[in-house]
Amino acid sequence: MKSLTNRLGLVLLIFAFSQQPAVSANLTNFSVTPADLTTGVTTTYTIQFDAASTISTSPNRWLRFVTGSGGANLDNAVVLSSSPNISLSCTGCNAPSAFMTISSSSVGPGDTVTIVLGNVINPVTPGLGNNYTINVEDSGYSAIDTATISGSTYISNAGPVVANQIPNQTIESQYGAQPVDLDPGTAVNTNLNYTFTDGDGDPLTFSIIPGHDTNVVTAQIISNELILTGQNTGSTSITVEADDNDEGTITDTFDVTVYGSLGPASVTPASTTAGETTSYTFTFRAATTLNDGDFVIFNTQAGNQNQNNSTLQSISGGGLTGTLSFNNETRSVIWFNGGNATPGTTITVVLGNIINPGASGQADDYVIRTTDGGDTTGVINVAGTVFGSTSVPTVVNLIPNQSINEEDGSIVVDLNSGPGVDTDLNYTFEDGDGHPLTFSIDSGYDTNVVTAAIISDELVITGQGTGMTTVTVRASDGIDGSVTDSFDVSVTGDLTPVSVTPSSLFAGELETYTIVFSPATNLDSGDFVIFSTQAGGPDQTNSTLNQLNGGTLSGSITAGSANSTVVMFNGGSASTSDTITVVLGGIFNPTSTGLGADYSVRTTDGSSTTGLSTLPGDTFIGSDLVFENGFEILIESHTEIRKLLSQLAKQASKSSSVMPQLDSHFNRITFHEQTLNLSDLGQDKSLLDVMLWLEAVIALENPLGDFDGDGIYNEEDELPFN
């Protein structure tokens with residue numbers, strides 16, 4: 001059983017009966033010639049053979065051409081011609097075979113038949129195709145005459161391809177014929193064999209496909225070079241075709257923009273430091289007249305200057321006025337809304353707030369373009385700027401805050417807050433590239449308080465008036481950029497004269513301190529005076545304000561700590577001619593002998609210091625026995641004395657009318673005058689004298705020696721050194 005799929009997709013089942021006639025003869029001189037041997041190509045097939053017998057229209061005979069499965073595809077084949085003396089049409093064409101119905105014929109034995117089939121698709125796989133077969137068949141699908149030959153050998157489709165697209169072109173109309181550089185990179189290549197290649201290495205021929213606007217540009221190919229000649233400003237698209245004259249053709253299309261030339265032109269950044277925000281001045285000479293409604297466009301490529309926030313600072317030339325009508329990262333568009341610039345007029349445009357490229361080196365070219373609102377009227381490229389590296393100076397040691405007196409004159413600042421002295425600003429700043437630095441003072445600080453200058457790389461400050469301000473020093477390498485460091489300066493006046501008088505110079509004493517000064521500026525309600533001692537000096541934790549004199553001032557303590565007491569003036573006033581006296585009580589002298597830390601007296605208006613004076617601390621002394629006021633004894637804390645004091649403390653708890661009273665520090669004993677006359681004991685007694693004297697005092701208070709209060713004198717009541 002045979003099957004046949006016709007063009008309608010019907011499967012015809014053919015039953016072969018034994019009585020069908022056998023093949024009567026072979027067709028001779030059979031040949032099949034594809035017009036193209038490239039795989040997958042749609043082409044024509046020419047079939048020839050010599051008839052073995054008469055070919056007629058009856059009884060219902062036809063010709064069948066077979067390529068076999070995987071061979072040429074005959075699905076849509078058509079009979080283009082058949083000769084001589086035979087008329088055929090393809091009525092049952094499918095992939096492997098074509099049934100051709102005979103409508104008329106007078107072909108006899110030996111006649112040569114030529115059939116041309118069109119719309120045949122070559123096999124898609126290269127190599128030898130399946131055998132070709134031609135049959136003369138009857139209505140029973142039995143071959144009357146037949147012939148078979150080997151299929152054709154097909155090669156892969158190695159037609160031309162586009163290897164490198166032709167870049168879009170922007171040309172100037174007055175430059176005449178110009179060969180196109182087909183390589184947008186660093187090389188220059190004008191041969192179209194750079195754009196097109198052929199897989200088989202077949203030589204290519206090139207042509208221009210008609211259709212571009214020749215009023216804008218004309219194009220021709222000479223010696224494989226693409227030549228463009230600008231005619232008028234405008235844009236159009238050009239298509240170039242490459243043909244290998246074997247497998248086929250390929251095309252590539254590119255755009256061409258023609259403009260007039262602007263010149264001369266320049267672009268000048270105010271700063272050439274990478275990453276800095278600066279202004280750009282660009283100039284050009286107009287190629288055509290510029291009027292109200294025209295534009296100028298300043299372009300940089302992506303990744304270079306950032307124009308997102310550009311501003312139009314000025315336009316000059318031909319009386320032109322304008323506004324910034326559009327901006328983004330790579331473009332600023334300025335619209336002219338007034339004035340008139342004739343050809344040759346020099347135009348200057350200044351754009352501000354443009355950020356230089358973030359990396360050092362030369363940026364891509366700048367592009368300046370003018371337009372009449374539609375077509376470009378002039379374009380020019382300007383070489384990009386070389387930008388310095390981003391290795392800007394850095395601050396390596398902060399300038400310490402400064403406190404100076406307005407009477408001190410000019411002071412060279414010690415930039416080293418440590419033990420050393422460094423006055424060269426190269427101690428504060430350094431440059432990563434080793435470039436020499438220049439230093440300057442930024443404006444903005446209060447020159448009524450202090451003036452600052454740089455002299456031979458040293459920072460010099462001069463107090464002008466009491467107060468505080470912030471001074472900023474800038475270091476620049478002149479290439480990559482600059483960096484700043486800011487510090488505070490506090491300027492004070494002199495408090496004169498100043499004295500600090502402790503009531504006692506004995507270490508560990510609870511004393512009063514009298515502070516006397518004349519203010520540097522007027523003092524009013526809301527101002528302060530601060531008395532400071534350094535760590536290890538007198539302890540002011542529990543200080544009290546015992547007295548305040550001077551002008552009409554009144555005040556109270558608002559803050560106290562181990563090292564300072566703040567007295568706020570809450571009424572009255574004092575002028576610079578008044579003498580202020582402040583008496584503070586409840587201050588403990590240092591517990592160790594020797595020179596105490598410096599005293600500091602400072603007045604302030606609540607924010608800025610108005611006067612400051614520092615004077616040396618006092619020298620404190622100690623003794624085994626010291627009389628004071630004729631009634632009190634100060635004892636240094638020797639171990640054995642403390643044992644005696646402990647016994648005295650026990651006796652004090654019995655509330656005897658003449659018992660010595662001990663303070664909480666265990667260093668002061670107060671006696672009742674009516675019982676003991678302390679003047680009988682001399683000043684410079686030894687430790688043993690003091691202890692014996694204390695024992696006598698205790699014995700006098702308690703003749704029975706019952707010191708533990710149990711009513712019995714025994715060993716527990718004995719005192720040391722009895």
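Here the structure is a predicted model, which is why all the values come from computation and not from measurement.
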| Going by distance alone, is a donor N or O of one side chain under 3.5 Å from an acceptor N or O of the other, for Ser83 and Thr114? | no
| field | Pairwise distance CG(Leu117) to SG(Cys90) - rounded to 0.5 angstrom | value | 6.5 Å
| query | In Å, rounded to the nearest 0.5 Å, how long is the span from CD1 of Ile297 to CH2 of Trp335? | reply | 14.5 Å
| Worked verdict on Thr39 versus Thr125 for side chain to side chain contact (heavy atoms under 4.5 Å, CB included) | CA-CA 6 Å; Thr39 58; Thr125 304; 5.8 Å; no
| At their closest point, which heavy atom of Pro269 faces which heavy atom of Tyr366, and how far apart are they? | CG-OH, 4.0 Å
| remark: For Gly71 and Pro123, the nearest pair of non-hydrogen atoms, with its separation, is C-CG, 3.6 Å
| task | For residues Val113 and Pro84, report the shortest heavy-atom separation together with the two atoms involved. | result | CA-CD, 4.4 Å
| task | Using modelled atom types only, decide if a donor and an acceptor are shared between the side chain of Asn306 and the backbone of Glu329 within a distance under 3.5 Å. | result | no
| field | Qualifying residues under side chain to side chain contact (heavy atoms under 4.5 Å, CB included), relative to Ser152, sequence neighbours excluded | value | Pro34, Leu37, Tyr132, Tyr154
| task | With side-chain hydrogen bond (donor to acceptor under 3.5 Å, both in side chains) as the test, would you mind laying out the steps for Thr283 and Ser266 before giving the verdict? | result | CA-CA 5 Å; Thr283 65; Ser266 67; 3.0 Å; yes
| request: Answer with yes or no whether the side chains of Thr195 and Asn164 bring together a donor and an acceptor at under 3.5 Å. | output: no
| query | Counting distance only, does the side-chain N/O of Asp50 pair as donor-acceptor with the main-chain N or O of Asn29 below 3.5 Å? | reply | no
| Could you walk me through whether Thr257 and Ser235 pass the side-chain hydrogen bond (donor to acceptor under 3.5 Å, both in side chains) check? | CA-CA 4 Å; Thr257 299; Ser235 299; 3.2 Å; yes
| query | Taking only residues two or more places apart in sequence, or in another chain, which ones meet Asp292 in a side-chain hydrogen bond (donor to acceptor under 3.5 Å, both in side chains)? | reply | none
Show the atom names and distances, to 0.1 Å, of all donor-acceptor pairs under 3.5 Å that link a side chain in residues 340-347 to residues at least two apart or in another chain.
{"unit_1": "Asn340", "atom_1": "ND2", "unit_2": "Asn291", "atom_2": "OD1", "d": "2.3"}
{"unit_1": "Thr342", "atom_1": "OG1", "unit_2": "Thr345", "atom_2": "OG1", "d": "3.3"}
{"unit_1": "Thr345", "atom_1": "OG1", "unit_2": "Thr342", "atom_2": "N", "d": "3.3"}
{"unit_1": "Thr345", "atom_1": "OG1", "unit_2": "Thr342", "atom_2": "O", "d": "2.7"}

| task | Ignoring hydrogens and angles, tell me if any N or O in the side chain of Asn94 forms a donor-acceptor pair with the backbone of Ser97 under 3.5 Å. | result | yes
| message | side chain to side chain contact (heavy atoms under 4.5 Å, CB included), that's the test. Do Thr54 and Val107 meet it? Break it down for me. | response | CA-CA 6 Å; Thr54 299; Val107 176; over 6 Å; no
| field | Side-chain H-bond candidate by donor/acceptor type, Thr146 with Asn135, under 3.5 Å | value | yes
| Of all residues at least two apart in sequence or in a different chain, which pass the side chain to side chain contact (heavy atoms under 4.5 Å, CB included) check with Ser103? | Ser87
| query | To the nearest 0.5 Å, what is the distance between CG (Leu182) and CG (Asn189)? | reply | 6.0 Å
| query | When rounded to the nearest 0.5 angstrom, what is the spacing between CD1 in Ile368 and CD1 in Ile380? | reply | 7.0 Å
| With a 3.5 Å cut-off and no angle check, do the side chains of Asn356 and Tyr280 form a donor-acceptor pair? | yes
| remark: Closest heavy-atom pair, Leu351 versus Gln307, reported as atoms and distance to 0.1 Å, is CD1-OE1, 4.2 Å
| So, Thr370 and Thr377: side-chain donor and acceptor under 3.5 Å apart, yes or no? | yes
| request: State the CG-CD1 distance between Asn308 and Ile354, to the nearest 0.5 angstrom. | output: 11.0 Å
| said: Can you confirm whether more than 12 heavy atoms, excluding those of Gln165, are under 6.0 Å from its CD atom? | reply: no
| note | For Phe196, the ring pair (Phe, Tyr, Trp, His ring centres under 6.0 Å) test, sequence neighbours excluded, returns Phe206
| task | Check for a donor-acceptor pair, side chain of Asn168 on one end and backbone N or O of Asp255 on the other, with a separation under 3.5 Å. | result | yes
| query | Going by heavy atoms in the side chains, are Asn245 and Thr205 under 4.5 Å from each other? | reply | yes
| remark: In this structure, CG of Asp294 is separated from CZ of Phe336 (nearest 0.5 Å) by 7.5 Å
| field | Side-chain touch Phe49/Leu63, heavy atoms, less than 4.5 angstrom | value | yes
| Are the side chain of Asp75 and the backbone N or O of Ala95 linked by a donor-acceptor pair below 3.5 Å? | yes
| Checking Ser325 side chain against Val333 main chain: does a donor-acceptor pair fall under 3.5 Å? | yes
| field | Partners passing side-chain hydrogen bond (donor to acceptor under 3.5 Å, both in side chains) against Thr281 (at least two apart in sequence or in another chain) | value | none
| task | For Ser332 and Asn327, run side chain to side chain contact (heavy atoms under 4.5 Å, CB included): C-alpha distance rounded to whole Å, both residues' side-chain angles, the deciding distance at 0.1 Å, then the answer. | result | CA-CA 4 Å; Ser332 294; Asn327 61 348; 4.1 Å; yes
| request: Go through the structure and list residues passing side chain to side chain contact (heavy atoms under 4.5 Å, CB included) with Ser31, not counting sequence neighbours. | output: Gln48
| message | Please enumerate all residues that pass side chain to side chain contact (heavy atoms under 4.5 Å, CB included) together with Asn85, with sequence neighbours excluded. | response | Ser106
Please report, to 0.1 Å, the donor-acceptor pairs under 3.5 Å made by any side chain of residues 212-231, with sequence neighbours excluded.
{"unit_1": "Asp213", "atom_1": "OD1", "unit_2": "Asn215", "atom_2": "N", "d": "2.9"}
{"unit_1": "Thr218", "atom_1": "OG1", "unit_2": "Gln231", "atom_2": "NE2", "d": "3.2"}
{"unit_1": "Glu225", "atom_1": "OE2", "unit_2": "Thr190", "atom_2": "OG1", "d": "2.5"}
{"unit_1": "Gln231", "atom_1": "NE2", "unit_2": "Thr229", "atom_2": "O", "d": "3.4"}

| request: Return the set of residues passing side-chain hydrogen bond (donor to acceptor under 3.5 Å, both in side chains) with Trp62 (not counting sequence neighbours), or none when no residue passes. | output: Glu137
| task | Check for a donor-acceptor pair, side chain of Thr67 on one end and backbone N or O of Pro96 on the other, with a separation under 3.5 Å. | result | yes
| Partner set under ring pair (Phe, Tyr, Trp, His ring centres under 6.0 Å) for Phe282, not counting sequence neighbours | Phe298
| field | Main-chain N/O of Asp36 paired with Asn122 side-chain donor or acceptor, under 3.5 Å | value | yes
| Ile102 and Leu88: CA distance, side-chain angles, deciding distance, side chain to side chain contact (heavy atoms under 4.5 Å, CB included) verdict | CA-CA 5 Å; Ile102 304 170; Leu88 302 170; 3.6 Å; yes
| request: Mind checking side-chain hydrogen bond (donor to acceptor under 3.5 Å, both in side chains) for Thr44 and listing every partner two or more places apart, or none if nothing turns up? | output: none
| Looking only at side chains, do Thr133 and Thr148 share a donor and an acceptor under 3.5 Å apart? | yes
| request: For residues Asn353 and Asn309, report the shortest heavy-atom separation together with the two atoms involved. | output: ND2-O, 2.8 Å
| Do the side-chain N and O atoms of Ser105 and Ser56 include a donor-acceptor pair separated by under 3.5 angstrom? | no
| said: If you compare all heavy atoms of Tyr45 against all heavy atoms of Ala72, which two are closest, and at what distance to 0.1 Å? | reply: OH-CB, 3.4 Å
